[in-house]
A.B. asks: 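Next up is a structure, given as C-alpha cells.
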Amino acid sequence: MATPHANPTQAEVDAARNDPKLANVLYHDWEAGTYDEKWSISYDERCITFAVERFRAVSPDHGPFEHALELGCGTGFFLLNLMQGGVAKKGTVTDLSPGMVEVAVRNGEGLGLDVEGRVADAETIPMPDASVDLVVGHAVLHHIPDLDQAFREILRVLKPGGRFVFAGEPTRIGDLYARKLGQATWWATTNLTKLGPLRSWRRPQAELDESSRAAALEAVVDQHVFDPTRLERFALAAGAVDVRCVTEELSAALFGWPVRTFEAAVPPEKLGMPWAMFAYRAWQRLSWLDATVLAKVVPRGLFYNALVTGVRPAPPVSL
C-alpha cells in the first residue's frame, strides 16, 4: 500500500487548487489520523444505527449482500458499520487517499470484519466486471470530477441485479446554508475567544491556522452540489434502473453545522460528554422532526443531504 502524505506544504496546496484529484489525496491523507474524532465517527451501536438507517431510508433491499464495495471509504465509517449491522458480509474499501485506506483496513481488522482495501479512483475502479453485489458510499459523489464515468464504472462492477446506495451528498441549497452557517460560527467563535474571560476556550493559534488551511483545501475537493433530480439523472444515464433519490436533514442541518464548527474551534476538553450527549440528542430530535413533519410539506431540494439508489438491470431472459 502506498505511503500516506504528511501534512501538505503550501506549494502542494497551491498545486492542488487546479487538480481536484491531487486535492482529494492531500486533504484526506492529511485528515486520516484525526477524521474519526473530527466527525464523531465510531463503530458502536450509535453509528451502526445511523448507517443502517441511512441505507434503509433509500433502499428497499436491506440485504444481507454477499460482497460490498465502498467508494471513497474514508476511515470506513459507512461500510464497516453497515457490515456490523448485517447489510453486507464481505467488504472492499477503496479511496484515492492511501492514508484513509490504511485507517479503514485497520478499523475493519480491529472489528473482526472480512475487509480488504485498495487505493482506487472511482472513475476507473480496479475490479472485474460483475464482481460485487453492492456498491456504497457516504459523502463521496460530490468529490468525483467525472460522475458520468463513475456511474458507468459502478454499473460495470455490479452483478446484474446488484444495487448501489450513496448517502450524505449535499444538495445545492443545503450546501449554501451549511457553508454560510459554518463561516459565521467560525468567525464568531474565533473572535469571541480572543476576549479575556474567554481566552481559555481558544485553541492555540497554530491549530486554528491549520484548520483554516484544511478548510481551504476542503473547498477544492468538493466538486458538486446536487439537485435531487440531477443526481437521479447521472444514475439513469449510466443505465441504472429503479433509481430513487430522497433527501433528509433540514432543521437538523441548521443546528448541526454551527455545532460542528463550534466544536472544531474550541479545545475538546472544554466540552466533554454532557455536551456531546446534548448535541447528539438534539440532532436526533430534529432529524425526527425533519422526517416525520417537514418532509411532508417542504420541497426535497431544501433539505441538506441527498441519498440515491439504483440497480444494474438484469439481462433479458431468452425464450
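Heavy atoms only: backbone and side chains are in, while hydrogens, waters and symmetry mates are out.
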A.B. asks: Starting at CD1 of Ile125, measure out to CD1 of Ile154 and round the result to the nearest 0.5 Å.
C.D. replies: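 Going from the CD1 atom of Ile125 to the CD1 atom of Ile154 covers 5.5 Å.
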
A.B. asks: Check Thr189 against Thr193 and note the closest heavy-atom contact, atom names and distance.
C.D. replies: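 Taking Thr189 first and Thr193 second, the nearest heavy atoms are O-OG1, 2.7 Å.
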
A.B. asks: Between Glu45 and Thr49, does any side-chain donor sit less than 3.5 Å from a side-chain acceptor?
C.D. replies: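 A pair is found: one side chain offers a donor N or O, the other an acceptor, under 3.5 Å apart.
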
A.B. asks: Any idea how Phe77 and Phe50 line up, ring-wise: parallel (<30°), tilted (30 to 60°), or perpendicular (>60°)?
C.D. replies: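 Rings of Phe77 and Phe50: tilted, as their planes differ by 30° to 60°.
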
A.B. asks: Answer yes if the side chains of Thr229 and Arg300 hold a donor-acceptor pair under 3.5 Å, and no otherwise.
C.D. replies: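 Looking only at side-chain atoms, Arg300 and Thr229 do form a donor-acceptor pair, the distance falling under 3.5 Å.
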
A.B. asks: Taking side-chain hydrogen bond (donor to acceptor under 3.5 Å, both in side chains) as the cut-off, I'd like each qualifying pair that reaches into residues 60-86, sequence neighbours left out, listed once.
C.D. replies: Asp36-Thr75, Tyr43-Thr75, Glu66-Lys89, His67-Thr92, Asn81-Gln84

A.B. asks: Examine Arg172 relative to Phe226 and say whether NZ or CZ is less than 6.0 Å from the centre of the six-membered ring and inside a 45° cone about the ring axis.
C.D. replies: no

A.B. asks: Between Glu116 and Arg118, is the closest basic N to carboxylate O distance under 4.0 Å?
C.D. replies: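 So Arg118 pairs with Glu116 through a salt bridge.
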
A.B. asks: Partners of Trp275 by side chain to side chain contact (heavy atoms under 4.5 Å, CB included), sequence neighbours excluded?
C.D. replies: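 Val259, Phe262, Glu263, Leu271, Phe278, Ala279.
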
A.B. asks: Indicate, with yes or no, if the rings of Trp257 and Tyr177 have centres closer together than 6.0 Å.
C.D. replies: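 No - the distance between ring centres of Trp257 and Tyr177 does not fall below the 6.0 Å cut-off.
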
A.B. asks: In terms of the angle between their ring planes, are Phe65 and Phe55 parallel, tilted or perpendicular, with boundaries placed at 30° and 60°?
C.D. replies: perpendicular

A.B. asks: So which of Asn191, Leu198, Leu192 actually passes side-chain contact (heavy atoms from CB on, under 4.5 Å) with Lys194?
C.D. replies: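 The single option meeting the side-chain contact (heavy atoms from CB on, under 4.5 Å) with Lys194 is Asn191.
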
A.B. asks: So how far is it from Arg56 CZ to Leu82 CG, rounded to the nearest 0.5 Å?
C.D. replies: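 If we round to the nearest 0.5 Å, Arg56:CZ and Leu82:CG are 10.0 Å apart.
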
A.B. asks: Within the 4.5 Å heavy-atom criterion, are Leu294 and Phe303 side-chain neighbours or not?
C.D. replies: yes

A.B. asks: Evaluate Thr94 against Val101 for side-chain contact (heavy atoms from CB on, under 4.5 Å), listing each step before the verdict.
C.D. replies: CA-CA 6 Å; Thr94 69; Val101 174; 5.8 Å; no

A.B. asks: Hey, does Val115 have a side-chain heavy atom less than 4.5 Å from the side chain of Met83?
C.D. replies: yes

A.B. asks: Does Leu254 reach the side chain of Leu181, with side-chain heavy atoms less than 4.5 Å apart?
C.D. replies: yes

A.B. asks: List, by chain and number, the other hydrophobic cluster members for Met273, where Ile, Leu, Val, Met, Phe, Trp and Tyr join if side-chain heavy atoms come within less than 4.5 Å, directly or indirectly.
C.D. replies: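 Met277, which link up through side-chain heavy atoms under 4.5 Å apart, make up the rest of the cluster.
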
A.B. asks: Is there a donor in the side chain of His142 and an acceptor in the side chain of Glu169, or the other way round, less than 3.5 Å apart?
C.D. replies: yes

